[in-house]
Structure formats: C-alpha cells, structure tokens
Amino acid sequence: LDAVVFTHAHADHIFGFDDIRRFNAMQNRTAIPAYGNPDTIARVREIFHYIRTEPHPGGLFRPQINFQSVESSFTVGDIYLTPVDVEHGRDVRMTGYIIESKGRKIGYIPDCHTIPDSSLELLSNAELDLMVLDGASMRPLPTHLTVADSVGWLKAIGAKQSAITHICHHASHRELSQILPAGFFAAYDGLTIVL
C-alpha cells in the first residue's frame, strides 16, 4: 500500500483506518503517507490520537502514518492527484480528486451537496475519462446530491463515462439503472471499471 488519500473525516469514510497497521506489518513497519486537506487531517489525528510515525515505545503495535496536509496537486508513485474542493453540507469541507495515471483521468467526489464554480471549471476542463459523483437519493437531503442533481452536474462536467455513487438504501439500483442517460451508470460494491 503506497498511501491513503482522505476526502473528509466522516465515520463512514475513516473508521476502518486503524486496520492500516496490517499494511505496516507487511511493509516492515514503514510509515505510510496519508493525504487530506488540513481540516480532515486534523480531525483524523484527533480521532486516531494514538497513531504516530514511529513504532510505539511500549511495544504496542499501532498504525504508523506520515500525515500530509495538501492544498495543491501531489503525486503518489506515478499517480498525480489534484484536490477539488466541494461542499458536503454546512461547515463540512470535502475534497474530491482528479486522479491521473498512464494517460487516463478520473474525477472522484463521493460526498457532495454542491460544487463551487471554480471546482466545476476544473473538472469540466480536465477531459475526464470517468467521473464518480455522489447521487445519494431520489429526494432532497441536506448533505448529498439527489440523483437528478448529480446527473445535471455530471452532464456539465462532460466525462466520457459517469458513475453515481453513495446511493442510499431507499434508492433502487435497478431503478437507477433504468432511468440514467446513456454513458451514466449506478455504481455498486465490488465494481471494477477498466479504462
């Protein structure tokens, strides 16, 4: 495992983070870099206050992480990541990413309520092969896009393929698959996409 990249610090996105210790063990207890915006890194460090860069002096096996706050593009191996700021709800900064590698580009925003103009411009100018965007519900929610809103944003972004993710329990995958426009699809657990 080369790195962890956080979008935000909500429980459904970070509470498995402690399991990173297994990767430390497999990689000779080397600290693994973890990237995110400064607010997210501060919150993750608060929740997982026992995580350090070096091994625990008392012999306890705890995760070893090298936290990295990001405000601009960065690389992990041959992958180039550009942060994309969006709003996930009141006072919640969520960072999506444009992920580039081997001539392919993916936009990834799993949780979102609105996309600022500057971020929409960044995404639409990126000529994405795939855009993955929140589309949690058929009905309005205070912190997520509706499917209709997601389709509107995805059309404005104009990726070659568009996936809707973070689908709530009251939205049927089958129903979504039947109503989405051509080039759009509803994501599901275990989905593999070859670009």
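Position 1 is the first residue of the sequence, and the numbers go up from there. What you are looking at is a predicted structure, and each value in this text was computed from that prediction instead of being measured.
The nearest pair of heavy atoms linking Cys112 to Val86 is SG-CB, 4.0 Å. When every heavy atom of Asp134 is checked against every heavy atom of Pro110, the shortest pair comes out as CB-O, 3.2 Å. The two residues Leu122 and Pro83 have their closest heavy-atom pair at CD2-O, 3.8 Å. In terms of heavy atoms, Pro38 sits closest to Ser69 at CA-OG, 3.8 Å. When every heavy atom of Pro181 is checked against every heavy atom of Val151, the shortest pair comes out as CG-CG1, 4.0 Å. Heavy atoms only, all atoms of each residue included: Glu46 and Arg43 are closest at OE2-NH1, 2.8 Å.
With a 6.0 Å radius and a threshold of 12 heavy atoms from other residues, nucleotides or ligands, Asp117 has its CG atom at or below the threshold.
Figure legend: Arg29 and Phe61 shown as a cation-pi pair, the cationic atom lying under 6.0 angstrom from the six-membered ring centre and within 45 degrees of its axis.
Using a 4.5 Å heavy-atom cutoff, the side chains of Ile179 and Met138 are in contact. Contact annotation: the side chain of Tyr80 never approaches that of Ile99 to less than 4.5 Å [non-hydrogen atoms, C-beta and beyond]. Taking the side chain as every heavy atom from C-beta outward, Gln68 and Phe74 never approach each other to under 4.5 Å.
Separation of atoms CD1 (Ile20) and CZ (Phe48) is listed at 10.5 Å; rounding is to 0.5 Å. Distance check, rounded to the nearest 0.5 Å: CD of Gln64 to CD of Gln27 gives 11.0 Å. Separating the CG atom in Asn24 from the CD1 atom in Ile65 is a distance of 5.5 Å, to the nearest 0.5 Å. With rounding to the nearest 0.5 Å, the separation of CH2 in Trp153 from CG in Leu120 is 5.5 Å. Taking CG of Asp85 as the reference point, atom OG of Ser119 lies at 5.5 Å (rounded to 0.5 Å). Rounded to the nearest 0.5 angstrom, Ile157 CD1 and Asn125 CG are separated by 11.5 Å.
His113 is linked by a ring-ring contact (aromatic ring centres under 6.0 Å, His included) to nothing, counting only residues two or more places apart in sequence or in another chain.
By the rule that hydrophobic residues join a cluster once side-chain heavy atoms approach within less than 4.5 Å of another member, Val84 and Leu145 end up as members of one cluster. Residues Tyr108 and Ile164 are members of separate hydrophobic clusters, defined by side-chain heavy-atom contacts under 4.5 angstrom among Ile, Leu, Val, Met, Phe, Trp and Tyr. Tyr35 and Val4 fall into different hydrophobic clusters, where Ile, Leu, Val, Met, Phe, Trp and Tyr are joined by side-chain heavy atoms under 4.5 Å apart, directly or via other members. Both Leu81 and Val132 belong to a common hydrophobic cluster when Ile, Leu, Val, Met, Phe, Trp and Tyr are linked at side-chain heavy-atom distances under 4.5 angstrom. Hydrophobic clustering of Ile, Leu, Val, Met, Phe, Trp and Tyr side chains at less than 4.5 Å, counting indirect connections, keeps Met26 apart from Val76.
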- Going through the checks in order, is the side-chain contact (heavy atoms from CB on, under 4.5 Å) test met by Arg45 and Thr40? CA-CA 8 Å; Arg45 290 185 81 134; Thr40 297; over 6 Å; no
- Message: Is there a side-chain contact (heavy atoms from CB on, under 4.5 Å) between Leu128 and Ile98? Walk through the geometry before answering.
- Response: CA-CA 8 Å; Leu128 299 170; Ile98 295 172; 4.0 Å; yes
- Item | Worked check of side chain to side chain donor-acceptor pair (under 3.5 Å) between Thr53 and Asn66 | CA-CA 5 Å; Thr53 303; Asn66 183 7; 4.8 Å; no
- Query: Should Ile109 and Met131 be marked as a side-chain contact (heavy atoms from CB on, under 4.5 Å) after you check the CA-CA gap, both sets of side-chain angles, and the distance that decides it?
  - Reply: CA-CA 8 Å; Ile109 301 176; Met131 180 68 210; 3.7 Å; yes
- Message: Under the criterion side-chain contact (heavy atoms from CB on, under 4.5 Å), I'd like the reasoning laid out for Leu180 against Ser162: C-alpha separation, chi angles, the key distance, then a yes or no.
- Response: CA-CA 10 Å; Leu180 291 174; Ser162 296; over 6 Å; no
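Ring geometry, Phe6 versus Phe17: the interplanar angle exceeds 60°, so the pair is classed perpendicular (tilted spans 30 to 60°). Between His88 and His10, the ring planes are tilted. Angles from 30° to 60° get that label.
Put simply, the residue from Thr95, Asp39, Asp111 that forms a side chain to side chain donor-acceptor pair (under 3.5 Å) with His8 is Asp111. Checking each of His173, Arg174, Glu175 against Ser177 for a side-chain contact (heavy atoms from CB on, under 4.5 Å) leaves exactly one that passes, namely His173.
Taking a cutoff of 4.0 Å between a charged side-chain nitrogen and a carboxylate oxygen, Lys105 and Asp129 do not qualify as a salt bridge. Ion pair Arg104/Glu127 not flagged as a salt bridge, since none of the NZ, NE, NH1 or NH2 atoms sits closer than 4.0 Å to an Asp/Glu carboxylate oxygen.
The aromatic ring centroids of His13 and His166 lie less than 6.0 Å from each other.
There is no side-chain donor-acceptor pair under 3.5 Å between Ser137 and Thr146.
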List, one per line, each side-chain donor-acceptor pair under 3.5 Å for residues 187-195, sequence neighbours excluded.
none

